[in-house]
Amino acid sequence: MGTRKRPVPARLPEKLLKIRKLLDLTQEQLAERMSHVPSPPHPGHISRFEAGTREPNLIYLLEFSRLSGVSLECLLDDKQDVPERLKKR
């Protein structure tokens, strides 16, 4: 096993923040919407995801994608932008 850190999308924190704001949710509300996933995030986790000090796991990213209608590819590809409007879910 190597000791190199795996690559992390540089724009992921800003995208997660934008999605939450476009959904018009507080960090607490977003955490509540994700309460059904295994080991759900707390509002403090959401804050750290958005600040880039903590990386969300794949289950959380999948839920961000489902809640917003934004593809995982868009979330993870730094060359793609989050749409200015989200589809109503």
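Keep in mind it's a predicted model, so treat the numbers as computed, not measured. Basis for what follows: all heavy atoms, side chains included, without hydrogens, waters or symmetry-related copies.
Cluster annotation: Leu16 is not connected to Val8 through the hydrophobic network of ILVMFWY side chains, with a link wherever side-chain heavy atoms come within less than 4.5 Å.
Screening residues 6-38 for ring pair (Phe, Tyr, Trp, His ring centres under 6.0 Å), with sequence neighbours left out, gives no hits. Within the structure, side chain to side chain donor-acceptor pair (under 3.5 Å) pairs that include any residue of residues 53-62 comprise Arg6-Glu55, His45-Arg54 (at least two apart or interchain).
Contact detail for Ala31 and Pro41: the closest heavy-atom pair is CB-O, 3.5 Å. Taking both residues in full, the closest heavy atoms of Glu50 and Leu17 are given as OE1-CD1, 3.4 Å, listed atom of the first, atom of the second, then distance. Residue Leu12 comes nearest to Leu75 through the heavy atom pair CD1-O, 3.6 Å, listed as atom of the first residue, atom of the second, then distance. Closest non-hydrogen pair, Gln29 versus Asp24, comes out as OE1-O, 4.0 Å. Between Pro40 and Met34, the shortest heavy-atom distance links the atoms CB-O, 3.5 Å. For the residue pair Pro13 and Ala51, the shortest heavy atom distance occurs at CB-C, 4.3 Å.
Looking only at distances, a side-chain donor or acceptor of Ser68 sits under 3.5 Å from a matching main-chain atom of Phe64. Distance alone, capped at 3.5 Å, places no donor-acceptor pair between the Lys15 side chain and the Leu76 backbone. A donor-acceptor contact shorter than 3.5 Å links the side chain of Lys18 to the backbone of Val82.
Side-chain contact between Arg85 and Leu22: absent, with no pair of heavy atoms (C-beta onward) separated by less than 4.5 Å. With a 4.5 Å cut-off on side-chain heavy atoms, Leu30 and Gln27 do not count as touching.
Here the CZ atom belonging to Arg20 is positioned 8.5 Å from the OG atom belonging to Ser47, to the nearest 0.5 angstrom. Annotation: the span from Ser65 atom OG to Glu73 atom CD amounts to 11.0 Å, rounded to 0.5 Å. Rounded to the nearest 0.5 Å, atoms CG (Leu25) and CG (Leu67) are 8.0 Å apart. Between the OG atom of Ser39 and the CD1 atom of Ile59 there is a distance of 10.5 Å, given to the nearest 0.5 Å. Put simply, CG on Leu86 and NZ on Lys21 are 14.0 Å apart, with the number rounded to the nearest 0.5 Å.
Exactly one residue among Glu28, Glu32, Arg48 makes a side-chain contact (heavy atoms from CB on, under 4.5 Å) with Pro43. That residue is Glu28.
The neighbour count for Arg33 CZ, taken as heavy atoms of other residues, nucleotides or ligands under 6.0 Å away, does not exceed 12.
Between Asp77 and Arg11 there is no salt bridge, since no side-chain N of the basic residue sits under 4.0 Å from a carboxylate O of the acidic one.
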